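First up is the structure itself, then whatever we jot down about it.
No experiment lies behind these values; they were computed from the predicted model shown. Proteins get letters first, then strands, A, B, ... in listed order; numbering begins at 1 in each.
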2 protein chains.
Amino acid sequence: MAPLDRSIVANVPIFASLSADDLDAMLCDARSVRYPKDSSVFDQGGEAHSFFVLLHGHLRVEKTTPQGQQIVVRYVSAGELFGVARALALKNYPATAIAVVDSVALSWPSALWPQLTAKFPALAAGALQTVGSRLQDTQDRVLEMSSEQVEQRVAHALLRLAKQAGRKVEHGVEIDFPISRQDVAEMTGTTLHTVSRILSAWEQQGLVEGGRQRIVLRDPHRLFEIAEGQGK
Amino acid sequence: MAPLDRSIVANVPIFASLSADDLDAMLCDARSVRYPKDSSVFDQGGEAHSFFVLLHGHLRVEKTTPQGQQIVVRYVSAGELFGVARALALKNYPATAIAVVDSVALSWPSALWPQLTAKFPALAAGALQTVGSRLQDTQDRVLEMSSEQVEQRVAHALLRLAKQAGRKVEHGVEIDFPISRQDVAEMTGTTLHTVSRILSAWEQQGLVEGGRQRIVLRDPHRLFEIAEGQGK
DNA sequence: GGCGGAACTTGTTTTAGCGCAAGCTCCCAG
DNA sequence: CTGGGAGCTTGCGCTAAAACAAGTTCCGCC
């Protein structure tokens, strides 16, 4: 396999504090894999054989109940560490990761985690920070679901998506990957129907612009007011 | 201050893999503090000066929105690591921890975290595992809130409490600390009223036994069925 | 180029559980 | 032992949003 150059991870925060030599050492054990759109990187319940860093693209992480109900846990963007189940002492992945656009990730065998963290303590610290901020996000989501109306939750979700994966376009900010009403519903704990109604209403008012698996925020500030409950 | 003997942390899983000498070294930097019932160990938004291990008692961790809405994030039982905000790169505590019964905790200055983890890698690994399992729990909670009815969520919450802090009593399992209907409501994203109604109904059927800030599960198996949706 | 189906919209009906309101009970303080 | 208040129960109406039910549109594929 062609050796991996350290320039490809120039924008990965978790590697920022490693020296050039250390980086090269880590990359020695890495494999680079391409995941076509709609393919899965790993599956809920599957053995946690690897952990990853996303180099390019976007992933949707989803979780399904035994009864078949599904939620979107989060979206992963380029530069993020993910699939660290093994580091959390899990034998299996607790969710499924699907590429929503053609994507590329580096992967390492989970078995190397102990040695790698021993050699590069910054890796352990970085992982702790990553997992910590996910915990924060997830707790905020519980708080939102407990205290906010559906409309506010959808507004929050769109703003978060725009922040994480927004692309400036002519009339506002577009979410930079295909996302359906169903996906938004699964992020906010509601139904496809309700999301569709809300987006339709907002489109009337010129707050957003829709389309098949496409969402453009035309008035983020107003959306923010709605999210905070000032709206209406 | 009287030196701390390592026997006091015999039942703390996170320290299990440290040698006796390492343990003594860690305990050198620790302070033992008593928190009377209803006092706070740390406050949401406050500077994250310390991290802790609970030796005895129970804490309720709660989080409040700017608008005053509150949720119970979790309960902490003896032996658990908590308040590790600083390790997650947060300057301030993201929630408030209140002693629900008289409690005792060891505390270390957050500033020592980097040195301690450098010296004892098992500490970093343990923290990662702790935070990981909290993330799991919180994600499960989101899934529950998205897909389950209030009755199921309350059943799940009670079962989880019983597992974490249940005490066998004559007619079943009692939650081992004072807990109000309001608290259960804040754990499940519902209202005091609805919880009260549900518990009253269950009490009629002999599934639980109530009282002021007291809950006894008399038929955990039946509750489990309700939680899984088989019930009704 | 037209067929089929996924993604989306929109109307109507139904209901879980929230908000409000009133009253009870038991514990603790004075 | 007697208020007073925190914690709890219960009834009632209402509403947000889910469920149910048709459509419509648009995209990719044969």
Side-chain angles (χ1 to χ4, degrees), chain A residues 36-38 60 67-72 98 100-101 144-155 157-158 175 177-205 208-216 226 229 231-232, chain B residues 36-38 60 67-72 98 100 144-158 175 177-205 208-216 226 229 231-232:
Chain A
K37 182 177 171 178
D38 294 327
R60 183 184 58 235
Q67 289 82 41
Q69 250 274 359
Q70 200 170 70
I71 63 164
V72 173
I98 307 265
V100 291
V101 294
E144 270 183 31
M145 293 186 71
S146 300
S147 64
E148 296 179 0
Q149 308 258 103
V150 171
E151 200 175 21
Q152 292 176 267
R153 302 209 301 265
V154 173
L158 293 190
I175 312 293
F177 50 77
I179 181 166
S180 70
R181 319 287 151 164
Q182 179 70 45
D183 293 330
V184 176
E186 287 178 13
M187 295 179 71
T188 51
T190 179
T191 62
L192 155 66
H193 309 275
T194 302
V195 171
S196 179
R197 269 180 250 275
I198 289 172
L199 290 187
S200 293
W202 286 349
E203 189 146 18
Q204 297 279 317
Q205 303 171 239
V208 303
E209 206 174 286
R212 232 179 155 64
Q213 315 218 80
R214 244 184 95 255
I215 302 176
V216 181
I226 292 175
K232 191 43 166 306
Chain B
K37 182 176 174 180
D38 294 326
R60 178 176 24 127
Q67 289 83 38
Q69 250 274 358
Q70 199 170 70
I71 62 165
V72 173
I98 307 266
V100 291
E144 268 182 32
M145 292 186 71
S146 300
S147 64
E148 295 179 358
Q149 310 257 100
V150 171
E151 199 175 22
Q152 291 177 269
R153 302 208 301 265
V154 173
H156 265 132
L158 294 189
I175 311 295
F177 50 78
I179 183 168
S180 70
R181 319 286 147 160
Q182 179 70 43
D183 294 330
V184 176
E186 288 178 13
M187 296 179 72
T188 51
T190 182
T191 62
L192 155 66
H193 310 275
T194 302
V195 171
S196 178
R197 270 180 251 277
I198 290 172
L199 291 188
S200 294
W202 286 348
E203 188 145 21
Q204 297 280 317
Q205 302 170 243
V208 303
E209 206 174 288
R212 232 179 154 63
Q213 316 217 78
R214 244 184 95 254
I215 302 175
V216 181
I226 292 175
K232 191 43 168 305

Would you check if the side chain of Arg153(B) reaches a backbone N or O of Glu148(B) as a donor-acceptor pair within less than 3.5 Å? yes
Ignoring the backbone of Thr191(A), work out which of dT9(C), dA18(D), dA17(D) is nearest its side chain. dA18(D)
Whole-Å distance between dT9(D) P and Ile198(B) CD1? 12 Å
Would you mind reading off the distance between Asp38(B) atom CG and dC28(C) atom P, rounded to a whole angstrom? 12 Å
Tell me whether the side-chain N/O atoms of Arg181(B) come closer than 4.0 Å to OP1 or OP2 in dC8(D). yes
Side chain of Thr190(B): nearest nucleotide among dT9(C), dT9(D), dC18(C)? dC18(C)
From CD of Gln149(A) across to P of dA18(D) the rounded distance in Å is 11 Å
Report yes or no: does Ser196(B) contribute a side-chain atom to a donor-acceptor pair with the main-chain N or O of Leu192(B) at less than 3.5 Å? no
For Leu192(B) and dC18(C), give me the distance from atom CG to atom P, rounded to whole Å. 11 Å
Considering heavy-atom distances to DNA chain D, does Thr194(A) or Ser180(B) have its closest nucleotide positioned more toward the 5' end? Ser180(B)
Value in whole Å for how far the P atom of dC8(D) lies from CD of Glu186(B): 12 Å
Between dT10(D) atom P and His193(B) atom NE2, what is the distance in whole Å? 14 Å
Send over the distance from Glu203(B) CD to dG7(D) P, rounded to a whole Å. 18 Å
First encountered from the 5' end of DNA chain C, between Gln182(A) and Val195(B): Gln182(A)
What nucleotide among dT9(C), dA17(D), dC20(C) has an atom nearest to a side-chain atom of Val150(A)? dA17(D)
Are Arg197(B) and dT10(D) close enough that a side-chain N or O sits under 4.0 Å from OP1 or OP2? no
Using only side-chain N and O atoms of Ser196(B), determine if any of them is under 4.0 Å from OP1 or OP2 of dG7(D). no
Separation of dC8(C) atom P from Leu199(A) atom CG, nearest Å, is 9 Å
List in numerical order all residues of residues 208-216 of chain B for which some heavy atom is under 4.0 Å away from an atom belonging to DNA chain C. Arg212(B)
